[in-house]
Amino acid sequence: MIEHFPSNDAAASFAADSPLQSNFERYRHELKSNNEYAPFTNKLDWEIARWAKDHGLTATAVNALLRIEGVVETLGLSYKNARELNKLIDAQLPARPQFQRSDIKVGGEEMTMYSRDILQCIRALLGDTEFTAQLILRPERHYRRSGERWDRVFHDMHTGNWWWEMQSVLEAHQPGATLVPVIISSDRTQVTLFGNKTAYPVYLTIGNLPKDIRRKSSARGQILLAYLPTSKLRCVTNHASRRRMISNLFHSCLRQLLAPLEGTGVDGLIMVDGKGISRRVHPVLATYVGDYPEQVLVTCVKTGECPKCEVARSDLGDIHASACLRDIRTAHAALSKVDGSAWDYIKACQDAHIKPVFHPFWQGLPYVDIFQAITPDILHQVQQGIFKHLINWLVQAYGASEIDARFQRLIPNHHIHIWSNGITGLSRVTGKEHGLMSRVILGVIGDMSLPGGFNAARLIRAVRALLDFIFIAQLPVVSRSELEFMTRALEAFHDNKAIFVDLGIRDNFNIPKLHALIHYVTSVQLFGSTDNYNTQHTERLHIDYTKDAYRASNTRDEYPQMTKWLERQEKVECHEKYIKWHNQNHGSIPTPYTIPRVMGERQIKMTRYPTIQAVSLDDLVLKYGAEFFCDAFARYVVLWRNPHISRANLESEALDVHIPFRTVSVYHRIRFEDKGQGHGDTYPDTIHIQPHSKNKKGELIPGRFDTGLVCCTPDRSGIHAYRVAQVRIVFSISPTALKHLFGNNEYPPQHLAYVEWFTPFKASPEADSKLYKVERSRHGNGRLASIIPVTDIVQSIHLSPLPGRVIPREWNSNTVLDNCRSFLVNAFSDSHTYLTFYNC
C-alpha cells in the first residue's frame with residue numbers, strides 16, 4: 001500500500017514562457033545536423049572513435065593504428081590521428097558541465113581546485129533522457145501487510161520521513177515545489193600503488209534517481225563535482241595551526257562548490273527533464289556520505305566524538321548513556337560570533353562542542369541540519385569496523401589455530417567462501433571479505449569451548465545479536481518492525497558484551513564505530529535503507545573517476561589531463577545515448593521506476609539440455625552415491641499413482657514396480673533466480689551436484705553434493721514446513737519410460753531429485769545461537785533417501801558442522817559433511833536465507 005503526499009501541487013509541471021527543449025532535443029540542435037552520428041560522418045566512423053575511448057587506448061596506440069596504410073581511407077574516417085579525434089570530441093560534442101580551475105593560496109602555498117557548477121550538474125542529471133521515466137518527484141509512505149496490520153517499509157529516499165517533512169516546508173512557503181535532495185560524498189584516495197600521491201574527489205548525485213541507478217557506476221547517476229586540493233601544508237610548522245588551516249581549506253572549497261544552493265534551495269529555479277517538462281526545483285543538501293574522518297571534518301566536531309550526538313567519550317560504549325542529539329541552532333548561534341573577538345568565538349564554539357572553523361560550508365545552506373545529514377557507513381563502521389573488531393576478539397578468545405582449522409573446513413555452498421589457509425594470517429582484509437566471514441562466523445564458533453572454564457553462552461548471544469543487527473541494517477527494503485528488532489538486537493549485544501571484559505580481551509567499549517550503530521534506525525527512517533548512502537559506492541567511483549583518470553595522464557601536472565579525459569569519456573557516453581534516442585523515433589522507452597520487491601520466492605531455472613545425457617544406474621550408485629536409487633524411485637512411482645496409500649502397502653507395491661530404463665539424463669546444477677527480476681545469466685543461488693572427476697593433469701577433483709531446503713509439508717507454517725536434504729542426483733527419464741510407468745495418466749514433473757534427508761527442525765532452535773540443529777536421518781543401516789520433484793527444493797542451505805571441542809584435522813571441506821554427525825543450519829549464508837528464517 002502506498003500513501004501519496006497529500007498536496008496535488010507538489011512537483012507540479014507547468015508551461016514556461018518560452019518553449020524549453022529536452023536535453024537531447026537541445027543536443028540535436030547544437031549538432032546542427034540530421035545525421036545522428038554527427039559530427040562523425042557515418043556509423044563506422046563513430047564506432048571506431050567510441051571503441052578507442054571505451055577501451056582506454058593511449059594516443060600512441062591510436063596513432064599506430066591510424067598510420068597503417070589504407071586504414072583511414074578504407075574506413076572513411078574523419079580523423080587521421082588521436083589529436084584530430086580529441087579535437088573533434090572537444091569542439092563538437094556537447095556534454096555535461098566542464099571543469100573550471102580555481103587557484104587558492106594558503107599559508108604561502110599555492111593550490112588548485114578543479115570543479116563544476118553544481119546547478120549545471122543537477123540540471124544534467126534531471127534532464128538525462130535515460131533517467132526520465134524513473135525520476136522520483138514526490139515523497140511517499142509505503143506499507144506492506146504484516147499479519148493483520150500494515151507495516152511501514154523504507155527503501156528509496158522518497159520513502160523516508162525527511163523528504164515528506166521537507167516537501168511540507170516547501171509547500172507551505174511556495175506551493176508547486178519539486179524537491180531535489182542533493183547527496184554529496186567525498187573521500188581522499190590514493191592514486192598510486194607506491195608512493196603517497198592522492199586525490200580528493202567530491203561526488204554529487206540526487207535522491208530523485210532510484211538507488212539502483214545511483215549505486216551502479218555504469219549508469220552514470222553520479223557526477224564528479226570537484227577535485228579538492230590535497231596539500232598537507234607542510235610549510236606550516238605548527239601542528240595545531242596546520243590542522244585548523246586544512247579544515248578551513250576544506251570548508252572554503254565546499255562553500256564555493258555549494259554556494260549556488262543557498263538561494264535556489266528557498267526560491268527554486270526552473271529545470272527541464274528529459275521530456276522537456278518544466279518544473280520549479282529546490283535543490284537542498286540532504287545527506288553527506290563519508291567515513292568517520294570525513295564526518296568529523298564536515299561537522300566540525302573533534303576526533304573521537306560522535307558527529308551526531310553529544311555523548312561523552314567515556315560513554316561511547318554505553319547504549320543507555322543519556323546524550324542529546326547535536327542542535328544545529330546552537331551551532332549556528334556559536335558560528336554567528338565569528339566577526340567578534342577571537343576569544344569569544346572560540347569560547348562559543350567550545351560551548352557548542354564544535355571546532356572554531358571559519359564559516360563552515362553548511363552555515364548558509366537553507367533547511368540543512370548537517371548533524372542529521374551524516375548517514376550510516378556500512379563499509380567502515382560495520383564491515384571494516386565493529387565486525388573487524390569482533391573477529392579479532394574471537395581469535396583471542398578461542399585461539400588462532402582452532403579458528404583457522406574451522407574456516408578451512410567449511411562445507412561448500414554457493415554463498416560461502418572457504419579460506420584454505422584460514423583467516424588469521426590475512427593482511428589488508430577487505431570489507432567484502434569481512435562480509436563473507438560474517439556469513440559463517442556463528443556456525444564456526446557454535447560448539448567451541450572457551451579457555452578457563454568460561455561458559456560460552458554470553459559470547460554466542462553477543463555474536464548472534466550483532467549479526468542480527470548487521471544483516472537487517474543491510475537489507476534493501478526494511479520495515480518498521482525490523483527496525484524495532486534491530487534496536488533489540490543491539491541492546492542484546494550490549495547486555496552480553498561483558499564476556500570480552502571477563503576474558504581479558506577488552507577493558508572498555510568506547511569505540512566510536514560501535515556507538516554509531518545507535519543512530520542507524522533514525523537514519524533509515526529519515527533517508528531510507530542504508531544502501532542509499534553506503535560509502536562502498538564512493539569507493540567504487542574512485543576507480544572510474546579518479547584512478548582510471550590518473551592512469552590516463554602522464555602523472556605530471558595530472559589534474560588538467562584527468563579532467564579533460566573525464567570530459568571526453570562523458571561526451572562519448574552522452575553521444576552514444578543520443579544515437580540510441582535518435583534511432584528510436586526521437587524518443588526513448590526507458591524502464592519506469594518500480595518499487596523494490598521484498599526478497600521472497602525464487603524460481604528454478606534448469607538448463608535446456610542435461611549435463612550428461614545417459615548415466616547408468618550402476619554409476620548413479622558408484623559415482624553419485626545414490627545407494628538406494630531404485631528403491632526410492634519405486635516408492636516415488638507408487639506414491640505418484642496413489643498419494644494416499646498407507647505405508648505398509650507402499651512398501652509392498654514398490655516391490656512390484658519394474659524400472660523400464662537402465663540410464664537417466666543427469667543435471668549438475670539447480671539454479672534459482674528471483675521472480676520478476678531480470679538477472680540474465682546471473683543467479684542469486686545455485687545447488688551444485690558434481691561427482692568426483694580428474695582434471696587435465698590427472699589430479700582428482702573431489703565430488704560435491706550440496707544441501708538444499710525442501711518444502712515437504714506445505715500445510716505446516718513457518719520453518720517447520722521445510723526440511724534439509726542433501727541433493728545427490730537431479731535427473732529426468734525418457735518419454736518412453738514415463739509412458740510405460742504411468743500410461744496415459746498425468747506424468748510427474750520433468751526434473752526429479754534423489755535426496756538424502758536430515759532430521760526435521762525441532763520445535764525451537766538452540767537457546768543461544770538461535771540456529772536449528774539437524775542430523776542425518778537414518779533408515780536401518782543406511783541414510784533415509786527419497787525422490788522428489790526438483791520444484792520442491794526452494795533454495796540451497798548451508799550447514800555448519802558441530803565436531804565438538806576440536807575439529808579433527810584429517811577432515812577437509814570435501815569430507816566434513818559425511819564425517820560430522822551434527823550440524824547447525826546456517827541462517828546467515830545470504831540475505832534471502834536470513835529473511836526465510838526471520839520471517840518464520
Side-chain angles (χ1 to χ4, degrees), residues 413-415 599-607 610-611 620 624-626 628-629 631-645 647 650 654 664-675 683-689 705-733 738 741-742 745-761 772 774 776-777 779 783-799 825-827 829-830 832-833 835-837 839-840:
N413 179 270
H414 179 74
H415 303 286
M599 285 177 276
E601 295 184 19
R602 289 174 171 172
Q603 60 185 4
I604 292 175
K605 300 290 287 188
M606 298 296 296
T607 57
T611 308
L620 293 182
Y624 291 82
F628 307 106
F629 178 84
D631 295 338
F633 186 80
R635 289 196 299 272
Y636 179 76
V637 171
V638 174
L639 282 172
W640 183 263
R641 293 171 177 171
N642 184 6
H644 304 293
I645 192 170
R647 183 176 183 84
L650 169 64
V664 295
S665 299
V666 172
Y667 301 79
H668 286 176
R669 301 284 187 278
I670 305 175
R671 291 191 170 108
F672 302 86
E673 69 175 14
D674 290 338
K675 285 186 177 181
Y683 298 88
D685 195 12
T686 302
I687 290 178
H688 299 260
I689 312 103
F705 302 93
D706 287 358
T707 48
L709 198 62
V710 181
C711 181
C712 51
T713 51
D715 54 323
R716 299 193 65 178
S717 61
I719 198 63
H720 295 90
Y722 303 96
R723 191 168 173 180
V724 177
Q726 184 179 17
V727 184
R728 283 284 180 179
I729 308 170
V730 173
F731 67 98
S732 61
I733 60 179
L738 286 172
L741 289 166
F742 303 101
N745 297 324
E746 182 182 1
Y747 291 169
Q750 177 186 359
H751 300 102
L752 302 174
Y754 175 91
V755 301
E756 295 175 347
W757 294 104
F758 288 78
T759 53
F761 292 115
Y772 285 92
V774 296
R776 291 275 188 183
S777 293
H779 180 69
R783 297 173 179 175
L784 181 62
S786 300
I787 286 177
I788 62 172
V790 168
T791 51
D792 286 353
I793 304 173
V794 296
Q795 67 169 83
S796 72
I797 197 73
H798 182 245
L799 300 181
V825 181
N826 184 6
S829 59
D830 69 310
H832 182 276
T833 303
L835 284 180
T836 298
F837 283 84
N839 292 325
C840 289

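The shown structure was predicted, so the numbers you read here are calculated from the model rather than taken from an experiment.
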When you compare the side chains of [X] and [Y], does any donor N or O come within less than 3.5 Å of an acceptor on the partner?
X	Y	value
R776	T759	no
D685	H832	no
N826	S829	no

Would you say [X] and [Y] make side-chain contact, with heavy atoms under 4.5 Å?
X	Y	value
L709	T836	yes
V727	T707	no
V794	V710	no
P748	L738	yes
H688	N413	no
I788	W757	yes
V666	V664	yes
Y667	I729	no

Going from [atom1] on [X] to [atom2] on [Y], what distance comes out if it is rounded to the nearest 0.5 angstrom?
X	Y	atom1	atom2	result
I604	E673	CD1	CD	11.0 Å
Y772	I719	OH	CD1	7.0 Å
L650	I645	CG	CD1	5.5 Å
R728	I787	CZ	CD1	14.0 Å
S786	Y636	OG	OH	11.0 Å
R669	T607	CZ	OG1	9.5 Å

If we ignore hydrogens and angles and just use 3.5 Å, is the side chain of [X] paired with the main-chain N or O of [Y] as donor and acceptor?
X	Y	result
R641	L741	yes
S665	F731	no
Y754	F628	yes
R723	F758	yes
W640	E746	yes

Point to revise | Closest approach of S796 to T833 (non-hydrogen atoms, all atoms of both residues) | key: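 Shortest heavy-atom separation between S796 and T833 comes out as O-OG1, 4.4 Å.
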
Check your understanding: Considering all heavy atoms of both residues, which atom of P684 and which atom of H414 are nearest to each other, and what is their separation?
Key ->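 Shortest heavy-atom separation between P684 and H414 comes out as O-CD2, 3.6 Å.
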
Practice item. Please name the residue in the list T686, I687, I670 that meets the side chain to side chain contact (heavy atoms under 4.5 Å, CB included) test with D706. Key: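 Testing D706 for a side chain to side chain contact (heavy atoms under 4.5 Å, CB included) against T686, I687, I670 leaves exactly one candidate, I687.
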
Give me the ring orientation class for [X] and [Y]: parallel if the planes are under 30° apart, tilted from 30 to 60°, perpendicular past 60°.
X	Y	answer
Y624	F705	perpendicular
F629	F633	parallel
Y747	F742	tilted

